[in-house]
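Below, chain A is the first sequence line, B the second, and so on; all start at residue 1.
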Protein chains: 2
Amino acid sequence: MAEKVTIADVARVAGVSRQTVSNALNTPEVVRPETRQRVLEVVEELGYRVNLAARQMRTGRSGLIAIRVDPVGDGINGSVFDRFLHGLTEAAAEAGHRLLLYTAADDHKEIAAFEDLLGAHEPDAFVLTSTHHKDLRTSWLLERQLPFVTFGRPWSELPDVRHPWVDVDGAAGTEAATEHLLAAGHRRIAFIGWPPGSGVGDDRRLGWSRALAGAGLDPTGLSRETDDGSVEGEDAARDLLAGDPDITALVCASDSLALGALQVARSPNPAWHAEAYRRIAVIGFDDTPVAKAIGLTSVHQPLTEAAARCMSLLSRALEGTPPSHLLLPPFLVVRQSA
Amino acid sequence: MAEKVTIADVARVAGVSRQTVSNALNTPEVVRPETRQRVLEVVEELGYRVNLAARQMRTGRSGLIAIRVDPVGDGINGSVFDRFLHGLTEAAAEAGHRLLLYTAADDHKEIAAFEDLLGAHEPDAFVLTSTHHKDLRTSWLLERQLPFVTFGRPWSELPDVRHPWVDVDGAAGTEAATEHLLAAGHRRIAFIGWPPGSGVGDDRRLGWSRALAGAGLDPTGLSRETDDGSVEGEDAARDLLAGDPDITALVCASDSLALGALQVARSPNPAWHAEAYRRIAVIGFDDTPVAKAIGLTSVHQPLTEAAARCMSLLSRALEGTPPSHLLLPPFLVVRQSA
DNA sequence: AGGCATGATTTGATCGTTCAAAGTTAGAGA
DNA sequence: TCTCTAACTTTGAACGATCAAATCATGCCT
């Protein structure tokens with residue numbers, strides 16, 4: 001390790017006191033300009049860097065922002081989080097913070113992780129992802145008045161916004177996808193989504209039905225609910241197409257589902273239906289690398305922007321500004337599949 | 001924030017001194033068993049957690065391990081790093097450490113980031129990925145005797161191992177891929193890789209040529225060098241297949257390249273060659289979600305294990321054990337493409 | 001010239017932990 | 001009984017920064 005330069009060293013060389021150095025760096029306006037200039041020169045010359053552990057001990061601020069990473073999943077949808085994480089790392093760095101990673105298997109474990117972290121590394125704030133109904137984590141953090149932002153809106157009954165959040169307007173995404181299909185002449189457009197209860201899933205279904213309603217079409221019988229996954233998507237697509245010969249397009253709640261649906265759409269099995277080959281359009285959600293690779297039209301979430309916005313809301317929260325939120329519009333990336 | 005419990009609180013309640021509490025936790029063997037027991041009970045009861053900032057100030061250890069995340073790339077190969085990161089987060093947590101993220105655009109910037117970090121958060125160690133020839137980072141860290149491990153072997157001239165590293169045996173991977181093709185009866189097997197000079201790329205090419213040599217086959221004219229990317233892979237595949245009508249299989253240095261190659265292989269263009277449709281086998285590298293999605297046979301790297309091994313080598317390095325290294329074997333995941 | 005407000009800088013204390021050294025206790029041996 | 005050693009525990013200092021309060025300058029007004 002190189003020689004450590006402390007604030008006392010800088011003070012000695014600059015011929016001022018510790019506190020003046022501290023002020024020159026943290027509260028420049030209370031220091032006479034020429035003094036500040038001299039101090040800054042010495043800081044530069046000696047390569048002084050504030051020791052955050054010492055600062056943290058006094059001020060309680062660590063400069064850390066904690067965020068959870070999940071265990072390795074199927075990898076398809078995981079890329080969404082990863083892109084967000086990369087964006088957040090950069091945004092945090094610009095705001096003078098760094099990201100600290102932790103893991104947790106469920107809400108309760110995550111709250112235990114909060115306690116661990118707060119006792120040990122004392123992060124200044126948390127970033128939560130994948131919010132859901134009855135989210136224990138947000139209420140826990142709110143109770144303790146700990147600063148945090150969620151990527152994902154609060155899917156709760158409470159009407160008032162009590163914490164900052166950023167989200168992507170999923171309904172607008174599926175709505176745009178459905179309208180794209182309508183504009184292309186499709187009339188029977190089905191939806192493959194997740195079981196009701198997940199805020200994100202319900203929201204994405206809503207956009208689809210809204211678009212159909214806008215075109216005066218009846219969504220009855222055109223929706224399937226299944227867990228996320230490629231195989232599940234395949235089954236749902238097969239079921240839909242077999243049951244309704246007029247369906248010509250599928251909007252899916254994720255690229256995983258869409259990938260499965262696409263298998264069915266691209267290799268129609270005569271057994272489902274006796275009629276001639278139907279070309280089925282498929283649209284996914286998240287614009288993952290997989291979508292790009294296989295030519296799947298998909299709804300793209302502006303993750304880098306979302307990350308940057310999360311960070312700026314967090315900065316404001318750390319300054320004590322009352323919470324606000326932001327709903328970002330996604331956009332459709334049109335490829336071969338629709 | 002909840003009431004802070006300090007070591008002094010524990011000491012008071014347990015009726016011992018601060019230092020005894022500290023010893024009970026950090027050096028249990030010097031404390032009488034019944035004293036230790038009592039202390040631990042009080043620790044539990046009060047929910048005491050060591051304040052790492054204070055500890056760090058005294059011991060210099062922060063409990064942090066720093067790792068760089070790159071800006072969002074094409075996403076296909078990025079997933080390799082992300083899986084590694086997830087594994088590392090878990091492994092680090094088990095060893096009582098946490099991961100700290102930072103970004104940097106190149107080697108020089110990264111060294112500047114080292115300096116920033118060491119002055120500020122003082123990570124105990126670094127994990128470096130994507131090592132390369134003339135890696136400035138490793139020499140910088142070695143000079144200062146800072147603990148680190150690389151995921152990626154040192155691609156340098158120096159014969160002696162001077163730092164711990166973990167890597168996946170890329171040559172063994174492409175060799176296995178090639179042998180798989182040989183076993184399936186292929187005889188003209190081409191390789192699409194990166195320009196020479198990148199250790200990883202050269203290594204992967206080596207495995208392919210070694211397998212051919214082992215089967216008594218001549219690799220001349222069967223290799224193409226191009227930058228990474230789907231389009232590049234497509235061009236290279238087209239070039240190879242057009243130039244040599246006997247080629248029946250392609251081994252690629254990445255899934256990105258393989259994805260492009262697969263486009264060519266799956267939709268043969270009569271213009272390249274007048275003869276009948278050739279079914280071309282394609283094998284990629286990294287077993288990304290994309291490979292899984294499109295049925296691409298690919299070489300899988302044991303990333304979770306690699307992460308765990310990195311962590312254990314790091315733990316040893318922190319204890320002062322001399323550096324050692326590990327070359328993990330990858331394995332082939334066979335899908336429809338080969 | 002004296003008093004005073006204002007601005008700039010310094011001093012002493014403190015955050016919570018661990019190190020180093022000093023203190024205490026109990027048991028063995030003389 | 002007294003000494004000595006070994007085992008255990010306590011005490012004081014220090015890590016490097018910032019807060020709070022004190023000190024020192026300076027200029028303005030009466």
| said: Counting neighbours of CD on E34(B) that are heavy atoms of other residues, nucleotides or ligands and sit closer than 6.0 Å, is the number greater than 12? | reply: yes
| query | Relative to the ring of W165(B), is the ring of H325(B) parallel (under 30°), tilted (30 to 60°) or perpendicular (over 60°)? | reply | parallel
| query | How many Å lie between CZ on R36(B) and C1' on dC8(D), as a whole number? | reply | 13 Å
| task | Run the salt-bridge test on D107(B) and R137(B) with the 4.0 Å N-O cut-off and return the result as yes or no. | result | yes
| query | Once you round it to whole Å, what is the distance between C1' of dT17(C) and CG of L52(B)? | reply | 10 Å
| Rounding to a whole Å, what distance do you find between M57(B):CE and dT18(D):P? | 11 Å
| message | Between the base of dG12(C) and the side chain of R18(A), is there a donor and acceptor pair under 3.5 angstrom? | response | yes
| query | Between atom CG in N26(A) and atom C1' in dA8(C), what is the gap in whole Å? | reply | 17 Å
| Rounded to whole angstroms, how far apart are CD1 on I7(A) and P on dC15(D)? | 15 Å
| Got a donor-acceptor pair under 3.5 Å from the side chain of Q19(B) to the base of dC19(C)? | yes
| request: Please determine if a side-chain N or O atom of T59(B) lies less than 4.0 Å away from the OP1 or OP2 oxygen of dC15(D). | output: no
| said: Could you tell me how far apart K4(B) (NZ) and dT14(C) (P) are, to the nearest whole angstrom? | reply: 16 Å
| task | Calculate the interatomic distance between N51(A) atom CG and dC15(C) atom P; express it in whole Å. | result | 18 Å
| message | Set out, in order, the CA-CA distance, both residues' side-chain angles and the distance that settles side-chain contact (heavy atoms from CB on, under 4.5 Å) for L328(B) and V166(B), then state yes or no. | response | CA-CA 7 Å; L328(B) 299 173; V166(B) 171; 4.1 Å; yes
| task | Give a yes/no on whether any side-chain N or O of T20(A) is located under 4.0 angstrom from OP1 or OP2 of dT9(C). | result | no
| task | Have a look at R61(B) and say if it touches a base, only the backbone sugar-phosphate, or nothing, with a 4.0 Å heavy-atom cut-off. | result | nothing
| query | Taking the six-membered ring for Trp, are F84(A) and F151(A) parallel (under 30°), tilted (30 to 60°) or perpendicular (over 60°)? | reply | parallel
| side-chain N/O T6(B) vs dC15(C) OP1/OP2, d < 4.0 Å | no
| said: At less than 4.0 Å, is any side-chain N or O atom of R55(B) found next to OP1 or OP2 of dT18(C)? Yes or no. | reply: yes
| query | DNA chain C: V50(B) or V16(A), which has the more 5' nearest nucleotide? | reply | V16(A)
| query | So does S22(A) get a side-chain nitrogen or oxygen closer than 4.0 Å to the phosphate oxygens (OP1/OP2) of dA17(D)? | reply | no
| query | Rounded to the nearest Å, what distance is computed from the CZ atom of residue R58(A) to the C1' atom of nucleotide dC15(D)? | reply | 14 Å
| field | Donor/acceptor link under 3.5 angstrom from R32(A) side chain onto base of dA8(C) | value | no
| said: Check this one for me: any side-chain N or O of N23(B) less than 4.0 Å away from OP1 or OP2 of dC8(D)? | reply: no
